[in-house]
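Notes follow once the structure below has been shown.
Note that these values count all heavy atoms, side chains included, but never hydrogens, waters or copies made by symmetry. All ligand and atom numbering here is 1-based and tracks the order in the structure.
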Amino acid sequence: MSGKSLLLKVILLGDGGVGKSSLMNRYVTNKFDSQAFHTIGVEFLNRDLEVDGRFVTLQIWDTAGQERFKSLRTPFYRGADCCLLTFSVDDRQSFENLSNWQKEFVYYADVKDPEHFPFVVLGNKIDKLERQVSTEEAQTWCMENGNYPYLETSAKDDTNVAVAFEEAVRQVLAVEEQLEHCMLGHTIDLHSSSKSGSSCC
Ligand SMILES: Nc1nc2c(ncn2[C@@H]2O[C@H](COP(=O)(O)OP(=O)(O)OP(=O)(O)O)[C@@H](O)[C@H]2O)c(=O)[nH]1
Ligand SMILES: [Mg+2]
C-alpha cells in the first residue's frame, strides 16, 4: 500500500440533462437539486477517497452536454485518466449517443490507445419508472464496445453513486498496474535469455 495520494482526473460526458452535474454534486456534497440548471462549459470538484488501500484525490470534471457548448468543453478532455460515459435510462437518444461521446472524447483527449483506455458507462435516473433502455441492452453495448463496466445509478436516490466513482478509480489503477507490470517485464527481458517477458506490451 502506498501512502502517497494519487491525483486522478475523471470526466463526465453525456447528453444534456442526463444527470452528470447531479451525480457529481451527489457524490461530493451529498446534495440533489431537482431543478438543476444546464452546465455551461465545465466545472470541477475534488473528493478524497480510499480504494483498495490506495489514497486518491478524485478530480471530477463535469461538462456541458448540450451541443452548443461543444467548443467550451472539449479543451478540457486532455489529461483525463478515466471517462464516465453517461446516459439516462429514460432517454433512449442519450443512450444512442454514447458512441458519439466516446469518439469525441478519444479525438479531443488525443487518446493514443483507445482500446485500453478506461471508460465506465453509467445509466442514470433508475428511480424513474418509465425506462427506454433496458439493463441488458446497456450491458450488451458495453460488452461490444470495449467490455466497459456498466453501472446503473440514481443521483436523486443516491443509488450506486459512490460505487460508480470507485469503479472509475479501480479501472485507472488496473491500467496503471498493467503498465507497471509491462515495464517490469521489459526489465526482466533485458537480463534474461528466455522469452519470459510480459505478453501485455
Ligand atoms: N429522477 C431523477 N432526476 C435526475 C437524476 N439526476 C438528475 N436528475 C434531474 O435531471 C435534470 C438534469 O440534471 P443535470 O444534472 O443538470 O444534467 P446534466 O447532465 O448535468 O445536464 P447538462 O449540464 O446540460 O449537460 C435535473 O432536473 C435533475 O434534477 C436522477 O437520478 N433521477
Ligand atoms: Mg450539468
With heavy atoms only and a cut-off of under 4.0 Å, state how Ala64 meets ligand 1: side chain, backbone, both or neither. backbone
Would you please classify the geometry between the Phe87 ring and the Tyr150 ring as parallel, tilted or perpendicular, with 30° and 60° separating the classes? parallel
Same cluster or not: are Ile126 and Leu23 linked, directly or through other Ile, Leu, Val, Met, Phe, Trp or Tyr residues, by side-chain heavy atoms under 4.5 angstrom apart? no
Could you tell me whether some N/O pair between Lys156 and ligand 1 is separated by less than 3.5 angstrom? yes
First locate atom CZ of Arg170, then atom CG of Asp52, and finally report the distance between them rounded to the nearest 0.5 Å. 4.5 Å
Need one value: angle at the Mg ion (ligand 2), Ser21 atom OG versus Thr39 atom OG1, rounded to 10 degrees. 90°
Find all atoms of ligand 1 within a distance of less than 4.0 Å from any non-hydrogen atom belonging to Lys128, and give their numbers and elements. 1 (N)
Taking 4.0 angstrom as the limit and counting only heavy atoms of Ser22, give me the atoms of ligand 1 inside it, by number and element. 6 (N), 7 (C), 13 (O), 14 (P), 15 (O), 28 (C)
Got an N/O contact under 3.5 Å between Gly14 and ligand 1? no
Do Val169 and Val28 belong together in a cluster built from hydrophobic side chains that touch within less than 4.5 Å? yes
Protein contact to atom 31 (O) of ligand 1 [nearest heavy atom, distance to 0.1 Å]: Ala155 N, 2.8 Å
Identify, by atom number and element, the atoms of ligand 1 in contact range of Ala36, meaning under 4.0 Å from any of its heavy atoms. 16 (O), 27 (O)
Heavy atoms only: which of Ser94, Gly65, Ser154, Gly19 is nearest to atom 17 (O) of ligand 1? Gly19
Please state which protein non-hydrogen atom is closest to atom 21 (O) of ligand 1 and give its distance, to 0.1 Å? Gly17 N, 2.8 Å
Nearest 0.5 Å please: distance from the CD atom of Glu96 over to the CD atom of Gln132. 9.5 Å
Within 4.0 Å of some non-hydrogen atom of Thr39, the atoms of ligand 1 are 22 (P), 23 (O), 24 (O)
Assert yes or no for the condition that the ring centre distance of Phe76 to Phe44 is strictly below 6.0 Å. no
Is there a path of hydrophobic side-chain contacts, each under 4.5 Å between heavy atoms of I, L, V, M, F, W or Y residues, that connects Leu84 with Val161? yes
Below 2.8 Å, any N, O or S contact between Ser22 and the Mg ion (ligand 2)? no
Does even one non-hydrogen atom of Phe32 get within less than 4.0 Å of ligand 1? yes
Among non-hydrogen protein atoms, atom 10 (O) of ligand 1 lies closest to Lys125 NZ, 3.0 Å
Between Lys156 (side chain only) and Ser22 (backbone N and O only), is there a donor and an acceptor less than 3.5 Å apart? no
Write out the residue and atom name of the closest protein heavy atom to atom 24 (O) of ligand 1, then the distance separating them to 0.1 Å. His38 ND1, 2.4 Å
For atom 6 (N) of ligand 1, the protein heavy atom that lies nearest, with its residue and separation: Asn124 ND2, 3.2 Å
Which value, rounded to the nearest 0.5 Å, describes the distance between Asp157 atom CG and Arg26 atom CZ? 8.0 Å
Is it possible for you to check whether Arg47 lies under 6.0 Å from the centre of the six-membered ring of Phe165, through NZ or CZ, and within 45° of that ring's axis? no
Counting each atom of ligand 1 from 1 as listed, which ones have a heavy atom of Asp33 under 4.0 Å away? 28 (C), 29 (O)
Treating Ile, Leu, Val, Met, Phe, Trp and Tyr as nodes and any side-chain heavy-atom pair under 4.5 angstrom as an edge, say whether Val163 and Tyr148 lie in one connected cluster. no
shortest atom 27 (O) of ligand 1-to-protein heavy-atom contact is with Ser34 O, 3.1 Å
Classify the contact between Asp127 and ligand 1 as side chain, backbone, both or neither, using a heavy-atom distance cut-off of under 4.0 Å. side chain
So, is Thr153 polar-close to ligand 1, with some N/O to N/O distance under 3.5 Å? no
In this structure, would Leu151 and Leu49 fall into the same cluster of hydrophobic residues linked by side-chain contacts under 4.5 Å? yes
